[in-house]
Amino acid sequence: MNEIRNEPTGPDVFAIQEKWLPVWDELRPFASGNKDDIRPKKYVLDMFPYPSGDLHMGHAEAYALGDVIARYWIQKGYNVMHPIGWDAFGLPAENAAIKRKLDPKAWTYDNIEIHKASMRRYACSFDWDRIIRTCDPIYYRWNQWLFLEFYKKGLAYRKNSMVNWCPSCQTVLANEQVVGGACERCDSVVTKKALTQWFFRVTEYADRLLDDLELLECAWPSKVLSMQRNWIGRSYGAEVDFAVDGRTEPITVYTTRPDTLYGATFMVVAVDSDLAAELVSGSTPEVRMQFQAYLDETKKSNDIERMATDRAKTGVDTGRFAVNPANGELIPIWVSDYVLADYGTGAIMAVPAHDQRDLDFARALGLPVRVVVETGEADSVETGVATVGEGVLVNSGALNGLSKVDAISKMVGILEEEGKGKAAKNFRLRDWLISRQRYWGTPIPIVHCESCGEVPVPQDQLPIELPSAEGLDLAPKGTSPLGGAEEWVNVPCPSCGKPAKRDTDTMDTFVDSSWYFLRYLSPNSETEAFSKEEASKWAPVDQYVGGVTHAILHLLYARFFTKVLQDLGYVDFGEPFTRLLNQGMVLMNGSAMSKSRGNLVKLGDQLDEHGADAIRLTMAFAGPPEDDIDWADVSPAGSGKFLARCWRLANDVDVRVGVDFSKGNLELRKATHSFLRDFGTNIENFKFNVGVAKLMELVNAARKTIDGSVGPTDPAVREATEIVAKALSLFSPFMAEEMWEMLGHKPGVALALLPEADPALLVESTLTAVLQVDGKLRDTVELSVDATDADLQAAADASAAVQRAIEGREITKVIVRAPKLINIVTKQ
RNA sequence: GCCCCCAUAGCCCAAUGGCAGAGGCAGACGACUUAAAAUCGUUCCAGUGUGGGUUCGAGUCCCACUGGGGGCACCA
């Protein structure tokens, strides 16, 4: 007897999960490689994960949202390619290897298997035939091929320079990997080191990378666009040549304010530049000693100290003089650490009156200040605040009386005429440092030969496979562990055949991820990086989904690669990702989850407790996707309740499959079709939370119909429930499939098409019209949808509330928006 | 310091310039139950951060401010 009472009134979500997984393995609904497929294409891409441990809540959000989009387009009749792979090279594998004495390779591949199993259980709609792993030789040989293509074009080059060095990771870092002077990965303070390193000439594409952001306006989050613009940082100005006393060549400086040239009262050269060393070499021993001491101190300080803007200005007078080309004045040349060696020319003209940094320097070291722009602001010498506003030029010869803009163009004209300068632009963006002194990455395909120099490895010798980690000392020591692989390093020179050595550095893993979206097109090809034919069919990516953490690095590099590949003729487009969605982070109690903070929510625990469907639904329903989700604010249990509601709905339907819906209850049919009208728009605009809310509304309406006088046998109940099952499958595919089966269909709700709304069911015959007086609501009235202005006026005349409100007032105006609104305006 | 985004009920969030509430969470009450859970139903709750402006009408558009978040930052 108890058995009867305890009969389950809801679904066993875990049994349902286990039931459908093997069915789907068989059905393979997300395979996209059928050549005969006539559906239009859609390339939906999730940023591929780094295989460290198991999936976490962040992955769960990203893949839930990416899945909504991919599954939606399938149900709209598209052939959707939704691939997955692993960004499998990188430091964590190596660090785990060092710490736990594991092979980085084994560690990585084990983690990939863990990921794969979790993605399957999370019901990700991936095309499992297109898997890539960047640590597979079949993948990274194409990194090497691309490197050589770049090399041929002069886009890959080696130079000695001061580079960012992480003392903890014991490797160089790209500019983009230094955040606030610290290593992005381990937070150690980054230092500078002079090293010979490989670079990609991304600066050659700076203009295009900046200008083409225009094409992405409205298709990428504006935040990402502005971050990229900031990062590239183009400025316009002029290069000005200053003749130097006792030196044949002039010193060229870059300035954005050539209008203030008359106010340049001294010059400053970056202390760590070659130019500074050269200038002082001709000075007195005292100066040389002072310079050396200052230089040593600068080198000792790190970027965090050096970048502190409130630090007092320091410097050394070189004792040398330059000639101001505007007025012929001799001005002293100083060296200082506030001028950067690798921006512009490493030397500046100092205009202390109109530049705060120069003014600080002038005041600290007693240098003259000359006002050349009258801005109406207080005297900068007295206030210590440089006047940077608009104004009229003074003390500036031919420029006197001009505005800033006019003075800039006139000065540039004069300089160009006299051969002392020219218009110029500069970028904050630096070339991309790609070599790393670590093991677990793509070997750089260059051989160093004593007689031939740098020799590119011939294509037919690719891939250069990594030597086995066995026997290698992977511990960071500042030089690549590959140097210890004797047999691997020592090779005959491909050019002359004499003994030579391989380059022992490996590539930055951002190289791997700069083109992976193309590799998915032909993931197993041994003859090309990607099929040009497939690329013209599938690429560019229609929809990219990933975290905003990659707003600069990865997206900029991928855009760069795409433009290079376009120039090389391998692709026919210039932007890789047509549309971008950045999902927010998953937080717990207001802050990022971490073990050390003690607020870590484990995805595995959540799945064990609520099931994949409820977690996925919670991710979609939590709010706008780009906002952060605080796990403390959302309710996976609530999602579970909704899913049970859906299940009971399907369970209660008592209409045979294939019934003619047209005889169904009109009210519910209208609800179903207005859902169909709105749902697609919501999903296409990434308003997943609103889409789920609409779905809940439809479930509520169907429930009401079943429980009310219409009952479970009405055809409209089946229509509504089938639409619920299809729409639900974007969020909670297990339950949707279960419902689909309960409704009498064969497995594969993911492939069932979402119909268009029937327009005939969207027309309403009446609506609630609003009667306002002076903009305030006074009454409402049911009117026909084709009510005229006169009908509204009549309704207002007939309304006691309206008449009361206008009583004794003079009507000045009547605004009518038939059929829904009338506003009677009275004299105030 | 410069640039960008956000602010609606106790909470998460909706709302083509036209009735502030679609949905959910939490709460309260009721039905079912010996009881509880589950379920179903009903219900309480803000005038939209502050101050101006535009408009017949502003959560929505404009300006300023406050608070929160983010990006860049000695880039000449």
Test item: A:His550 side-chain N/O and A:Leu555 main-chain N/O as donor-acceptor pair under 3.5 Å: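 No; zero donor-acceptor contacts below 3.5 Å.
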So, does A:Thr812 use its side chain to make a donor-acceptor pair with the main chain of A:Val825 at under 3.5 Å?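 Checking the backbone N and O of A:Val825 against the side chain of A:Thr812, a donor-acceptor pair under 3.5 Å is found.
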Starting at the 5' end of RNA chain B, which residue's closest nucleotide do you reach first, A:Asn230 or A:Ala312?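 The residue closer to the strand's 5' end, by nearest nucleotide, is A:Asn230.
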Given that A:Asn823 and A:Gly638 both sit by RNA chain B, which one's nearest nucleotide is further toward the 5' end?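 Closer to the 5' end of RNA chain B: A:Gly638.
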For atom CD of A:Glu214, is the number of surrounding heavy atoms from other residues, nucleotides or ligands below 6.0 Å larger than 12?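 12 or below, so no.
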Have a look at A:Ser639 and say if it touches a base, only the backbone sugar-phosphate, or nothing, with a 4.0 Å heavy-atom cut-off.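 It contacts nothing in the nucleic acid.
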Would you classify A:Arg229 as touching base, sugar-phosphate or nothing, given that sugar-phosphate means primed atoms plus P, OP1 and OP2, and contacts are heavy atoms under 4.0 Å?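 Contact class for A:Arg229: none.
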Going by atom types alone, do A:Tyr294 and A:Asp337 pair a side-chain donor with an acceptor below 3.5 Å?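 Yes.
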Check whether the side chains of A:Thr681 and A:Asp678 place a donor and an acceptor atom closer than 3.5 Å, and report yes or no.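 No, no side-chain donor-acceptor contact under 3.5 Å.
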Select one nucleotide: of [options], the one nearest the side-chain heavy atoms of [X].
X: A:Ile552; options: B:G23, B:G71, B:U39; value: B:G71
X: A:Arg648; options: B:G70, B:G18, B:C40; value: B:C40
X: A:Lys820; options: B:C74, B:U16, B:G71; value: B:U16
X: A:Ile815; options: B:G18, B:G24, B:C72; value: B:G18
X: A:Asn700; options: B:G24, B:C74, B:U39; value: B:G24

Record whether the side chain of A:Gln772 comes under 3.5 Å of the base of B:G18 through a donor-acceptor pair of N or O atoms.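 Indeed, a donor on one side and an acceptor on the other fall under 3.5 Å apart.
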Do A:Lys813 and B:U55 share a donor-acceptor pair, side chain to base, under 3.5 Å?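 When only heavy-atom distances are counted, A:Lys813 does not reach the base of B:U55 through any donor-acceptor pair under 3.5 Å.
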Under the salt bridge (charged side-chain N to carboxylate O under 4.0 Å, His left out) rule, what do A:Arg430 and A:Asp342 come out as? Steps first, then yes or no, please. CA-CA 8 Å; A:Arg430 308 294 204 274; A:Asp342 60 349; 3.2 Å; yes
Determine, for A:Arg703 against A:Asp707, whether the closest basic-nitrogen to carboxylate-oxygen distance falls under 4.0 angstrom.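 So A:Arg703 pairs with A:Asp707 through a salt bridge.
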Salt bridge check: are A:Arg257 and A:Asp355 linked by an N-O gap of less than 4.0 Å?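 Here A:Arg257 does not pair with A:Asp355 in a salt bridge, since their nearest N and O are not under 4.0 Å apart.
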If we call it a pair only when both distances are under 3.5 Å in a Watson-Crick or G-U wobble match, what pairs with [N]?
N: B:C40; result: B:G30
N: B:C2; result: B:G71
N: B:G51; result: B:C63
N: B:G10; result: B:C25

With B for base contact, S for sugar-phosphate-only contact and - for none (protein heavy atoms under 4.0 Å), nucleotides 5-14 of chain B reads ------SSSS
Under a 4.0 Å heavy-atom criterion, the protein footprint on nucleotides 59-64 of chain B, written with B, S and -, is ------
B:G69: syn or anti, with syn meaning chi within 90° of zero?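 It is anti.
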Ring centre gap for A:Phe621 and A:Phe688 strictly below 6.0 Å: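 A:Phe621 vs A:Phe688: aromatic centres not under 6.0 Å.
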